[in-house]
Each structure stands twice: as C-alpha cells, then as structure tokens.
Amino acid sequence: AKRIVIKIGTSSLLYQDTSKLNLRAIERLAFVLSDLKNQGKEVVLVSSGAIGVGMGRLGLSKRPDTIPAQQAVASVGQGELLGIYEREFQHYGKSVAQMLLTRDVLVYPQSKKNVFNAFQELLKMNVIPIVNENDTVSVDELDHKTKFGDNDQLSAIVANLIDADLLIMLSDIDGFYSGNPLSNPNAELYHTITSIDGSVIQAAGGVGTKFGTGGMVTKLKAAKRILKNHQKMVLANGKNPRIIYNILAGEPVGTLFE
Ligand code: ADP
C-alpha cells in the first residue's frame, strides 16, 4: 500500500475518564506516520477529537446539549488539536495541513475536483493532510450523536476520492466482533469481512440501540463504501499506533474488509 488514509477516533486520542489528551498516543501516531513518510508512503490523517479537546480547553465536564454549542466547542478544539499535531509532526521534520471538509464534497463535481486537486498537491509537496469534518458548516456528525464526533464515513469518502490503497481505522476495540464485546463476552472477532449484509449490521447492535449511532454502525457504513469501490479497510485497535506497521506487513491484526 502506497497511499494510506488513517482515521483515528476520539477514544484513541483522549483519556475516556477525564477527556484529557492522551499525549503519548498522539506522539506515537506522529512518529509512525512520519516514519511511513520516510518510507515513501503517502499519508492522510482523518482525526476526530475537536469537541473533546475544546471541552478540555473550556473546562467543560460534559458535552454541550445543543448543536450550536457543540459547533462552538469544536471550533475551539480544532485549533488546539491542529496545534498539537503541528508540534508533534514538526518534531520529525514533517509538515501538516488542515483540511476541513463536509461529507457532500462528492456530490458537487466542482467541489469534488477542488478537494481532489488540493489533496494531490499536498501529497506532491510531501505534506500530511489532517482532515476533519467542518463542524461549523455541516452538523451531520454532531447531530444524533451520543458520543464525540465520528469521522468514519468521511474517512471512507476521502479514501474513495484520492483512490487510497488502504483505509486504516483505529478505534478502542481490536476489530469487528459478532456482537458488542462490552455487553457480550462470547463475541468473536471477525478476521475478514467481504460483504456488509443484514446479519453483519445486526452484530453492530443494529440501528437505534445505544451503539446504533456512531460506534460500529458508522464504521460499517464506511466499510460498505470501501467495498463498493473495491478498496480495502482494516479496523484495528489504536491503543498503540505501532499496530499500523503490523497491518502494513499483512499480519492478521484487526478486521480486514475487502
Ligand atoms: P471511535 O471513537 O474509535 O470512533 P466508538 O466508541 O465510536 O469508537 O466505537 C467503538 C465501540 O463500538 C467499541 O468500543 C464497542 O463498544 C462498540 N461496538 C458495538 N458493536 C460492536 C461490535 N460488533 N464489534 C466491536 N465493537 C462494537
């Protein structure tokens, strides 16, 4: 895989109990991605976490209830988050770019082309684009979310747009299981999924359950888009970003969608 999109979830970037930044995880992520650049790979990072970081900065202990307040907190957090990435990547001599997108980029041919061109140019300049949903323009991902924002589908859209060889989705779980491991201790890890049918969706808790928004459902929607485009996605645990090396070496970690 030469062109790789990596999506990292809020759960891997923040300590769940305090919502404080997991600096070690971010530091390790920057190291691995910078090292991949040195190996000649093209890397795009899709990062969540803006609301969580904004909450920390503003001293909020709980996520705001209204969408406008979430938008405001996200825009505070986005700046800080990018600042942290900027510092961490600079440490390894790498440049990053902020790309705030909306999920409808593919709908309008002109915006699709503009975004594609910008990606091409950044990758040509050896820059690592850091993508997030533009929360002040689009509230799709803030809406009906019980947890922090999700960029799962956006990462698949980006992978489609730039024709990535692989989408790596890092979460707080080892992969996709036959049921939610939190509530079902007998759930088994699937190593490979080749199509997203009704029973697969069911394993994700179905739509409308506690985990029916965000969580696995949006990851499966992303996987569906990837499969439809004959691309590949690996869902794996982002606790230690070095897992990216194992994935690229073709070792059987996480769940491969292909
Ligand atoms: P992230 O913040 O990384 O995007 P989420 O917390 O939104 O991650 O989603 C991951 C969670 O989805 C897991 O921690 C798990 O509790 C839940 N989940 C629900 N169903 C499944 C399943 N079938 N396999 C794995 N995880 C599942």
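Atoms within each ligand, like the ligands themselves, are counted from 1 in listed order. Basis for what follows: all heavy atoms, side chains included, without hydrogens, waters or symmetry-related copies.
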Exercise. For ligand 1, is there an N or O atom under 3.5 Å from any N or O atom of Ser178?
Worked result: no
Seminar exercise, completed: So for Ser48 against ligand 1, with non-hydrogen atoms under 4.0 Å, the contacting part is neither
Exercise. Hey, which atoms in ligand 1 end up nearer than 4.0 Å to a heavy atom of Ser11?
Worked result: 1 (P), 2 (O), 3 (O), 8 (O)
Exercise. Taking only heavy atoms of Tyr177, which atoms of ligand 1 are found under 4.0 Å from at least one of them?
Worked result: 22 (C), 23 (N), 24 (N), 25 (C)
Exercise. Would you say Ser12 and ligand 1 have an N/O pair spaced under 3.5 Å apart?
Worked result: no
Exercise. Are Thr102 and Asn134 linked by a side-chain donor-acceptor pair shorter than 3.5 Å?
Worked result: no
For this session: Mind checking the CG-OG spacing from Asn22 to Ser12? Nearest 0.5 Å is all I need.
Result: 8.5 Å
Exercise. Should the heavy atoms of other residues, nucleotides or ligands under 6.0 Å from NZ of Lys239 be counted, would the total exceed 12?
Worked result: no
Problem set entry | Interfacing atoms of ligand 1 (cut-off 4.0 Å, heavy-atom, Leu182) | 16 (O)
For this session: May I ask you to check whether over 12 heavy atoms, not counting those of Gln120, lie within 6.0 Å of atom CD?
Result: yes
Exercise. Should you measure from each heavy atom of Gly179, which atoms of ligand 1 turn up under 4.0 Å away?
Worked result: 22 (C), 23 (N), 24 (N)
For this session: Under 4.0 Å, heavy atoms only, figure out whether ligand 1 is touched by the backbone of Asn180, its side chain, both or neither.
Result: both
Exercise. With distance as the sole criterion, is a donor-acceptor pair present between the side chains of Asp135 and Gln78 under 3.5 Å?
Worked result: no
Problem set entry | Options Asp172, Leu13, Thr10, Val217, ranked by nearest heavy atom to atom 11 (C) of ligand 1, top entry | Asp172
Exercise. Should Lys7 be listed as contacting ligand 1, given a heavy-atom distance under 4.0 Å as the test?
Worked result: yes
Problem set entry | Heavy atoms of other groups near Tyr15 OH, more than 12 under 6.0 Å | yes
Exercise. Among Pro181, Gly238, Gly175, Ser171, whose heavy atom sits nearest atom 3 (O) of ligand 1?
Worked result: Ser171
For this session: Between Glu188 and ligand 1, find which residue part has any heavy-atom pair under 4.0 Å and reply side chain, backbone, both or neither.
Result: neither
Exercise. Taking the six-membered ring for Trp, are Tyr245 and Phe31 parallel (under 30°), tilted (30 to 60°) or perpendicular (over 60°)?
Worked result: perpendicular
Exercise. For Gln110 and Asn114, does a side-chain donor sit closer than 3.5 Å to a side-chain acceptor?
Worked result: yes
